[in-house]
Number of protein chains: 2
Amino acid sequence: MSRKPVTIKDVAAEAKVSRATAARALNNYGYVGGSAAERVREAADRLGYRHNRIAQALRRGDLPLIGFIPGDIQNPFFARIAHDLDKRLRQQGHNLLIASSEEDLDQERELVESLRSLSVRGLIVAPTSARDMSHFQSLAKDNMPLVVIDRYSGNVACDSIVVDNEGGAREGVDLLVSKGHRRIAFLGDEGRIFTVQQRLAGYRSALQAHGLAVDERMIALSGSTTKHAVEAVIRLFRQTPAPTAIFTVDSLMTTGAMIALRSMGLRVPRDVSLVGFDDFDLATFTDPQVTVVSQPIERIGPLAAEIMLQRISGDSCAPQHHVFPTELIIRGSVAAI
Amino acid sequence: MSRKPVTIKDVAAEAKVSRATAARALNNYGYVGGSAAERVREAADRLGYRHNRIAQALRRGDLPLIGFIPGDIQNPFFARIAHDLDKRLRQQGHNLLIASSEEDLDQERELVESLRSLSVRGLIVAPTSARDMSHFQSLAKDNMPLVVIDRYSGNVACDSIVVDNEGGAREGVDLLVSKGHRRIAFLGDEGRIFTVQQRLAGYRSALQAHGLAVDERMIALSGSTTKHAVEAVIRLFRQTPAPTAIFTVDSLMTTGAMIALRSMGLRVPRDVSLVGFDDFDLATFTDPQVTVVSQPIERIGPLAAEIMLQRISGDSCAPQHHVFPTELIIRGSVAAI
DNA sequence: CGTGAATGTGAGATCGGTATCACATTGCCT
DNA sequence: AGGCAATGTGATACCGATCTCACATTCACG
């Protein structure tokens with residue numbers, strides 16, 4: 001039933017040449033006679049020969065694979081990046097191996113090991129922790145290309161692509177302050193801790209720049225689900241005096257906030273103003289449309305792919321560090337107080 | 001700088017045993033003396049030995065890889081399934097290689113070839129076309145496990161997992177009819193053609209069961225983006241007499257319909273009733289909340305993974321075919337006429 | 001104390017493709 | 001015609017891990 005796969009040896013035999021010649025004909029390199037090449041290709045066709053990348057890889061040292069380790073593939077942010085990476089890398093004959101760390105440092109370590117033992121050519125990672133990057137340091141030693149996206153703290157020599165989280169958050173909070181808001185809540189997410197810390201820093205610095213004190217009771221960190229976000233927001237707004245505005249750290253949290261506010265009977269923007277980090281598809285559809293700080297997500301994946309391809313082709317110039325600016329998109333969820 | 005990777009030969013030398021013994025110690029099989037095993041493990045540790053899966057794979061015949069070919073990884077439906085697959089398969093030591101077909105038959109064919117040459121252990125696919133499955137037939141011949149999800153037409157001998165698209169659509173349209181609607185529009189998506197055909201069949205059969213004629217002008221097929229959906233809906237509702245209700249084929253189309261209706265000044269459900277196929281996160285958040293036909297997405301990935309694991313471990317019983325029922329979730333987007 | 005079983009180890013083949021080297025043959029130039 | 005480069009081909013080593021087989025011990029038991 002299941003005949004075993006056709007090898008180059010079979011093809012060579014069929015074409016009555018040696019394995020070496022067959023290989024040369026199939027990969028066109030070295031000297032091959034025209035008629036021999038013809039016969040080999042014909043034989044390969046007839047037998048249904050299929051390259052065995054593994055054998056090839058054993059000789060070359062690596063597989064046409066590039067690993068991608070996002071925090072969570074279900075997060076539309078990472079799904080988009082995965083899509084862009086896959087598209088570009090596949091054009092160049094690479095396959096993208098996606099393995100989600102689920103924002104767990106230990107799992108991330110294991111994945112790195114696992115991908116290395118698969119001899120991937122490079123790794124593109126959104127690290128769970130920007131602090132503990134020890135498992136990445138050894139990659140550099142072995143000359144494995146590494147591109148870090150979304151979170152980077154500078155303690156590993158590799159390329160990085162991030163957005164200006166602090167500046168973006170500052171701009172969003174600035175808007176709220178300029179509309180007269182003084183009690184502005186902050187809703188963060190435990191999952192993407194590093195990004196959240198930077199956005200929180202932007203929040204603090206915006207308040208301080210306007211001479212406003214930072215009230216720690218206005219700051220909430222919730223679990224990384226809509227449900228947790230809802231609960232956290234309810235707690236925030238049960239306080240007296242309640243916030244008059246809220247800044248949320250990503251689209252999941254934004255969604256949670258809107259659900260929570262509605263359930264408490266608070267109207268946006270009449271009762272509460274809202275600014276969220278991250279744009280999302282339905283942001284223009286909700287009622288009201290949500291004012292957001294958007295990041296140029298469409299540029300991150302392609303750039304990461306480009307850098308990776310450079311590195312794979314042997315470019316070993318100094319690490320590149322890219323910081324993209326954010327953009328404040330004003331819609332209808334902010335009102336003057 | 002970049003010392004070359006440590007091989008089992010190095011470990012064996014360090015531990016002063018033969019490669020064979022080293023291999024036995026590291027994979028604990030066969031007979032190995034306690035002290036020898038000890039020394040080998042120590043040496044491996046000291047040298048930082050890392051398994052080379054490629055060499056292993058060349059011997060065994062396959063890599064710990066399973067391919068997943070969805071139509072589009074950005075579609076939350078497939079992202080969810082990818083996540084569930086990855087989680088379960090990784091537990092068993094497999095890596096999930098995700099490659100999106102972008103709903104393109106030729107690309108799908110190439111991907112299948114490409115994944116085969118990587119010696120994956122099995123494939124999980126949401127076929128672009130349920131009609132032309134020729135590229136899958138040869139898989140079966142070579143005993144490569146294949147699990148088809150979301151779309152299946154029966155002409156390949158493999159396991160399949162689908163939902164009752166026709167029944168679900170019928171139920172949704174039934175609801176609209178029972179509320180007195182007679183001019184019910186249908187909005188489909190060119191991308192996932194097969195699924196759409198089944199849902200369209202459900203739509204037709206529901207109307208016919210109630211003795212209503214099917215008006216072809218009420219049926220629109222749009223491109224697979226929100227933007228196209230919006231345009232298609234606007235065309236549908238510009239007709240006279242206009243529809244009083246609309247059934248949409250997936251969450252993307254549902255979103256598009258809501259945006260279009262709003263832009264035309266039509267209110268849901270006062271002016272137009274809406275039922276969508278596929279539940280989505282924000283369905284309970286929009287105003288009004290959307291009545292949907294939901295599929296048990298949380299069961300598809302895990303089941304597919306389970307079947308794949310069975311097949312990989314050599315189970316070769318007859319192909320299994322699973323059809324999940326859908327569930328009508330009534331929220332606030334349908335009103336009596 | 002001898003003999004067969006259980007245990008431990010190493011040499012070498014193997015997986016499929018590629019690279020190197022050696023050996024032929026042809027062609028071109030002086 | 002002689003000589004050297006260009007061209008075509010096959011034999012063989014190699015990549016790293018595993019597996020089979022042969023061989024050496026050790027052990028137990030009659």
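Throughout, a chain's letter reflects where its sequence line sits, starting with A, and its residues are numbered from 1. Quick caveat, the model's predicted, so the values are computed rather than measured.
- Following rounding to the nearest Å, B:L63 (CG) and D:dA17 (P) show an atom-to-atom distance of 14 Å.
- In this structure, B:T21 does not reach the C:dT9 phosphate: none of its side-chain N or O atoms is under 4.0 Å from OP1 or OP2.
- In this structure, B:I8 places its CD1 atom 12 Å from C1' of D:dC19, rounding to the nearest Å.
- Separating the CZ atom of B:R24 from the P atom of D:dC19 is a distance of 10 Å, rounded to the nearest angstrom.
- The shortest side-chain heavy-atom distance between A:V156 and A:V148 does not fall under the 4.5 Å cut-off.
- In terms of modelled atom types and a separation under 3.5 Å, the side chain of B:N75 and the main chain of B:F77 share a donor-acceptor contact.
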side-chain contact (heavy atoms from CB on, under 4.5 Å) assessment of B:R109 paired with B:D106: CA-CA 5 Å; B:R109 278 208 195 84; B:D106 287 327; 3.1 Å; yes

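- Remark: P of C:dT9 and CG of B:N28 are 14 Å apart, rounded to the nearest angstrom.
- Remark: C1' of C:dT7 and OH of B:Y29 are 16 Å apart, rounded to the nearest angstrom.
- A:A36 comes within contact range of the sugar-phosphate backbone alone, with a heavy-atom separation under 4.0 Å but no base atom that close.
- If you check residues 45-62 of chain A against DNA chain D, the residues with a heavy atom closer than 4.0 Å are A:L58, A:R59, listed by number.
- Each of C:dG12, D:dA17, C:dT18 was ranked by its minimum atom distance to the side chain of B:A20; first place goes to C:dG12.
- Whole-Å rounding puts the B:R19 CZ to C:dT14 P distance at 14 Å.
- You'll find the side chain of A:F136 reaches within 4.5 Å of the side chain of A:P127, heavy atoms only.
- There is no side-chain donor-acceptor pair under 3.5 Å between B:E113 and B:H135.
- An OP1 or OP2 oxygen of C:dG16 is reached within less than 4.0 angstrom by no side-chain nitrogen or oxygen of A:T7.
- Following rounding to the nearest Å, A:L118 (CG) and D:dG16 (C1') show an atom-to-atom distance of 15 Å.
- B:R121 contributes atom CZ, which lies 5.5 Å from atom NE2 of B:H94 (distance to the nearest 0.5 angstrom).
- Checked by atom type and distance alone, the side chain of B:D10 pairs as donor or acceptor with a backbone atom of B:T7 at under 3.5 Å.
- The closest donor-acceptor contact from the side chain of A:D84 to the backbone of A:P302 lies at 3.5 Å or more, if one exists at all.
- Rounding to whole angstrom units, OH of residue A:Y31 and P of C:dT25 are separated by 18 Å.
- The backbone N or O of A:L146 lies less than 3.5 Å from no partner atom in the side chain of A:R311, so there is not a single donor-acceptor pair.
- At its two ends the helix from C:dC1-D:dG30 to C:dT30-D:dA1 runs along axes set 40° apart, each axis drawn from five pairs and the angle rounded to 10°.
- Remark: B:N27 is not in phosphate contact with D:dA17, judged by side-chain N or O atoms under 4.0 Å from OP1 or OP2.
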